[in-house]
Amino acid sequence: MAEEKSLNFIEEIIDTHLREGVYSSIVTRFPPEPNGYLHIGHASSICLNFGLTKRFPGYTNLRFDDTNPVTEDTEYVESIKEDVRWLGFEWKHERYASDYFDQLYAFALTLIEKGLAYVDDLTAEEIANQKGTPTEPGVNSPYRTRSVEENRDLFIRMKNGEFADGAKTLRAKIDMGHINMLMRDPILYRIKHAHHHRTGDAWCIYPMYDFAHGQSDSIEQITHSICTMEFVPHRELYDWLITQLAIYPSHQYEFARRNINYTVTSKRKLLQLVQDKKVAGWDDPRMPTISGLRRRGYTPESIREFCDRIGVAKRDNLVDVGLLEFCVREHLNRIALRRMVVFDPVKVVLTNYQGEEWLSSENNPEDPTAGQRQIPFSREIYIEREDFMENPPKKYFRLAPGQLVRLKSAYIIRCEEVIKDQQGAISEIRCTYIPESKSGSDTSGISVKGTLHWVSVPHAVKAEVRLYDRLFNVEDPTDESQDFMHYLNPASLEVLPQVMAEPSLLDINPGDRYQFVRKGYFVLDKDSQSSHLVFNKTVGLKDGWTPSKG
RNA sequence: UGACCCAUGGUGUAACGGUAGCACUACAGAUUUUGGUUCUGUCUGUUAAGGUUCGAAUCCUUAUGGGUCAACCA
């Protein structure tokens with residue numbers, strides 16, 4: 001029996017509701033605004049909302065909160081749907097706040113009839129000035145006392161396009177002295193003569209978030225409307241509108257958004273990175289977007305596991321990106337096939353070896369069913385320049401003059417001689433191999449501490465490798481002591497234009513993931529062509545050794 | 001100088017008045033044809049002060065610290 005995992009506070013609320021019969025099943029929703037790409041922070045919300053209805057009876061809707069036509073676009077709708085599906089979730093209904101524009105308009109009229117909303121002629125600036133501050137009450141608008149008839153007439157004319165953008169708004173009539181600033185006659189509708197990605201030019205007035213979100217929840221009979229903590233003060237208005245309209249009582253619950261160090265998760269900041277060309281696009285592998293992580297080689301399983309491990313709570317947090325990396329390593333270690341690639345090659349000549357042969361090597365030592373592959377071996381091979389030292393420290397297990405080392409899945413070799421060019425750089429290492437040490441049939445009786453990856457020179461396939469590092473140099477780029485752009489890591493991308501790869505890598509497809517032995521996990525990028533392979537580094541292997549520790 | 005939210009190792013998260021646990025990180029050791037993986041072990045924590053109670057991380061009070069709120073954004 002698997003150990004019972006403890007519930008997070010939201011699961012506990014739902015568990016109680018179900019046990020006490022408040023609900024017999026639940027409905028949740030994931031409500032993105034289609035004005036940007038989904039990022040790792042959204043993944044938490046997606047896993048939470050969809051995860052809830054996997055654990056408990058009920059279903060989850062995907063609802064686009066598309067009430068601001070000037071920032072929204074179908075490009076984002078498509079990317080969001082792709083990302084949610086890629087993460088492994090399927091929604092029950094695909095809905096849009098714009099589906100409800102007629103209903104919302106009717107709700108507004110209801111409020112007007114009840115004397116709970118009025119048309120205001122004040123400008124944005126005037127409204128702001130009369131709003132007061134958190135410690136001082138606001139003042140009433142001079143238009144606050146208009147009659148129901150006048151309000152109805154004006155609002156209909158707003159809808160009919162008789163007024164210019166910004167000329168009028170519809171406001172709830174609540175209390176300009178309310179301690180909660182959101183209750184100080186919040187704007188419900190504004191005029192925007194803008195083309196909407198779904199409703200086209202049918203409307204020139206659009207509801208504000210507070211007059212769309214809760215009502216949409218109610219229309220869909222969402223039982224548990226889950227959002228982040230900054231919406232806590234909105235809950236009072238959310239409840240007020242539902243009460244006044246006497247519609248299905250959805251309820252809002254808040255959890256703390258997940259922050260991750262060395263990156264930013266704000267659509268505005270991510271958009272700025274894209275627009276300022278600091279990255280190659282929304283799906284740049286350095287971006288914390290779902291599409292960026294996908295291109296980086298992350299698996300949906302690893303992201304779900306990450307979201308599961310960081311949990312759900314109400315306190316502020318800054319999650320270590322190292323945990324995300326742990327999760328992807330854990331998964332990739334199980335599924336990624338092993339391949340050998342030499343990044344910074346130096347030639348090794350085996351002076352006592354003639355001809356060539358094909359050697360067998362396991363595809364994945366963690367998974368026997370992954371089988372074996374054949375690798376060509378010959379008299380001249382490449383090894384990593386950093387795997388040789390002329391004057392090694394004490395516990396250096398790699399190649400050094402007179403030292404023995406195993407070539408992975410091949411033979412044990414001994415370094416006999418070092419050849420240098422005129423500048424003194426090592427141009428070639430001469431070794432002898434031990435014929436009876438062949439991998440799988442070793443009768444040499446020799447044991448060595450180090451094993452190196454290698455690639456046969458005449459069979460080597462050239463490829464490009466893109467090495468990624470954290471996008472920012474500091475844990476919290478949003479600390480606001482400086483603009484976050486100042487913290488950009490100038491070395492977040494390093495391109496290796498020509499690495500040497502084993503030939504089995506020639507026949508693979510974009511999205512295929514591998515472990516390059518002793519290097520890390522890599523994925524074939526979509527920029528690849530059959531004549532030019534491009535690999536993205538997903539994450540390195542955990543590195544337990546550094547020269548200083550030797 | 002208002003209201004609201006929050007406070008458990010370096011990080012994230014449990015403990016629902018009854019032994020502060022798990023994971024990541026770090027460190028040490030074993031195994032290893034990847035200095036990977038795997039296995040074992042070690043370090044580190046209830047913001048503070050009062051109160052209630054046989055007993056408090058948990059309930060109450062105050063303080064302290066952090067966050068949020070004054071977009072015709074969501």
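Below, chain A is the first sequence line, B the second, and so on; all start at residue 1.
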Q. Hey, is the side chain of Arg184(A) poking within less than 4.0 Å of OP1 or OP2 on A71(B), counting only N and O atoms?
A. no

Q.
Can you confirm whether the side chains of Arg95(A) and Asn61(A) place a donor and an acceptor under 3.5 Å from each other?
A. no

Q. For RNA chain B, what residues of residues 34-46 of chain A have any heavy atom nearer than 4.0 Å?
A. none

(Q) Both Arg190(A) and Asn180(A) contact RNA chain B. Which one's nearest nucleotide lies toward the 5' end? (A) Asn180(A)

**Q.** Tyr262(A)/Phe472(A) aromatic ring centres below 6.0 Å
**A.** no

Q | Sugar-phosphate only, base, or nothing, as touched by Pro31(A) at under 4.0 Å among non-hydrogen atoms | A | nothing

Q. Quick one: does Glu366(A) reach the base of G36(B) with a side-chain donor-acceptor pair under 3.5 Å?
A. yes

Q: Among the candidates U68(B), G2(B), C72(B), find the nucleotide nearest to the side-chain atoms of Ile179(A).
A: G2(B)

**Q.** Side chain of Ala124(A) (C-beta onward), nearest among G36(B), G2(B), C72(B)
**A.** C72(B)

Q: Kindly state which residues belonging to residues 441-451 of chain A come within less than 4.0 angstrom of RNA chain B, counting heavy atoms of the residue only, listed by number.
A: Thr451(A)

Q) Counting just side-chain N and O atoms, does Lys542(A) come under 4.0 Å of either OP1 or OP2 of C24(B)? A) no

Q: Would you mind reading off the distance between Tyr189(A) atom OH and C72(B) atom P, rounded to a whole angstrom?
A: 17 Å

Q.
Below the 4.0 Å mark, does U33(B) have OP1 or OP2 next to a side-chain nitrogen or oxygen of Lys408(A)?
A. no

Q. Under a 4.0 Å heavy-atom cut-off, which of residues 338-346 of chain A touch RNA chain B?
A. Arg338(A)

Q.
For a quick check of understanding: with a heavy-atom distance under 4.0 Å over all strands, which category does Leu323(A) fall into, base, sugar-phosphate or nothing?
A. sugar-phosphate

Q: Name the nucleic acid region contacted by Ala313(A), choosing base, sugar-phosphate or nothing; use a 4.0 angstrom heavy-atom cut-off, strictly under.
A: sugar-phosphate

Q. Have Arg339(A) and Ser504(A) got a donor and an acceptor in their side chains that come within less than 3.5 Å?
A. yes

Q.
Is it true that Glu125(A) and Thr123(A) share a donor-acceptor pair across their side chains at a distance under 3.5 Å?
A. no

Q: Check Phe64(A), Trp203(A), Phe101(A) against His196(A) for a ring-ring contact (aromatic ring centres under 6.0 Å, His included) and give me the one that passes.
A: Phe101(A)

Q) Is a donor-acceptor contact shorter than 3.5 angstrom present between the side chain of Ser409(A) and the base of U33(B)? A) no

Q) Can a cation-pi geometry be assigned to Lys269(A) and Phe484(A), taking NZ or CZ under 6.0 Å from the six-membered ring centre and within 45° of the ring axis? A) yes

Q. Quick one: is the NZ or CZ of Lys159(A) closer than 6.0 Å to the six-membered ring centre of Tyr105(A), and within 45° of its axis?
A. yes

Q. Do the side chain of His178(A) and the base of A3(B) come within less than 3.5 angstrom through a donor-acceptor pair of N or O atoms?
A. no

Q) Please walk me through it: do Arg29(A) and Glu220(A) pass salt bridge (charged side-chain N to carboxylate O under 4.0 Å, His left out)? A) CA-CA 9 Å; Arg29(A) 103 268 90 118; Glu220(A) 293 175 26; over 6 Å; no

Q | Charged N-O contact under 4.0 Å between Glu502(A) and Arg373(A) | A | yes

Q: Indicate whether OP1 or OP2 belonging to A14(B) is found under 4.0 Å from a side-chain N or O atom of Arg315(A).
A: yes

Q: Kindly point out which of U11(B), G35(B), A74(B) is positioned nearest to the side chain of Asp320(A)?
A: U11(B)

**Q.** Per Met181(A) side chain, nearest of listed nucleotides A70(B), U13(B), C72(B)
**A.** A70(B)

Q) Is there a donor in the side chain of Ser437(A) and an acceptor in the side chain of Asp442(A), or the other way round, less than 3.5 Å apart? A) no

Q. Knowing that exactly one of Tyr189(A), Tyr238(A), Phe231(A) qualifies, which makes a ring-ring contact (aromatic ring centres under 6.0 Å, His included) with Tyr209(A)?
A. Phe231(A)

**Q.** Polar contact flag, side-chain donor to acceptor under 3.5 angstrom, Thr299(A)-His331(A)
**A.** yes

Q. Is the distance between the ring centroids of Phe377(A) and Tyr353(A) under 6.0 Å?
A. yes

(Q) Is it true that Thr133(A) and Glu136(A) share a donor-acceptor pair across their side chains at a distance under 3.5 Å? (A) yes

Q) Among A74(B), G66(B), U33(B), which is the nearest nucleotide to the side chain of Glu33(A)? A) A74(B)

Between protein and nucleotides 44-48 of chain B, what N or O pairs are separated by less than 3.5 Å?
none

Q | Where protein sits on nucleotides 57-65 of chain B, one letter per nucleotide: B base, S sugar-phosphate only, - none, heavy atoms under 4.0 Å | A | ---------

(Q) As a check on the pairing definition, encode RNA chain B in dot-bracket form, counting Watson-Crick and G-U wobble pairs whose two distances are under 3.5 Å, and using | for partners outside this strand. (A) .((((((..((((....[..)))).(((((.......)))))....(((((..]....))))))))))).....

Q. Roughly, in whole Å, what's the span from CD1 in Ile383(A) to C1' in U34(B)?
A. 15 Å

Q) Cationic tip of Lys438(A) within the cone over Tyr411(A)'s six-membered ring, i.e. under 6.0 Å and within 45° of the normal? A) no

Q) Between the side chains of Asn35(A) and Glu33(A), does any donor sit under 3.5 Å from an acceptor? A) yes

Q. Do the side-chain N or O atoms of Arg406(A) get closer than 4.0 angstrom to the phosphate oxygens (OP1, OP2) of G35(B)?
A. no

Q: Compute whether any side-chain donor of one residue and acceptor of the other, for Ser141(A) and Asp120(A), lie under 3.5 angstrom apart.
A: yes

Q.
In whole Å, I'd like the distance from the CD atom of Glu230(A) to the P atom of C73(B).
A. 17 Å

Q. If we take the P atom in both U47(B) and A57(B), what is their distance in whole Å?
A. 10 Å

Q. Which nucleotide in the list A70(B), A14(B), G36(B) gets nearest to the side chain of Leu541(A)?
A. G36(B)

Q) Whole-Å distance between U68(B) P and Arg257(A) CZ? A) 9 Å

Q.
In this structure, is the centre-to-centre distance between the rings of Tyr76(A) and Tyr37(A) below 6.0 Å?
A. yes

Q. In whole angstroms, how far is the P atom of U11(B) from the OH atom of Tyr262(A)?
A. 13 Å

Q) Met229(A) CE to C4(B) P: how many Å, rounded? A) 14 Å

Q: Could you work out which one of G12(B), C73(B), A70(B) sits closest to the side chain of Lys192(A)?
A: C73(B)

Q.
Distance check, P atoms only: C54(B) and C22(B), in whole angstrom units.
A. 32 Å

Q: Considering only NZ, NE, NH1 and NH2 on the basic side and carboxylate oxygens on the acidic side, decide whether Asp121(A) and Arg146(A) come within less than 4.0 Å.
A: yes

Q | Salt-bridge contact Glu325(A)-Lys542(A) (side-chain N to carboxylate O under 4.0 Å) | A | no

Q: Provide the distance between the two C1' atoms, one in U31(B) and one in C39(B), to the nearest whole Å.
A: 8 Å

Q: Determine whether the aromatic ring centres of Phe535(A) and Phe516(A) lie less than 6.0 Å apart.
A: yes

Q: Return the nearest nucleotide to the side chain of Ser439(A); candidates are U33(B), G12(B), U11(B).
A: U33(B)

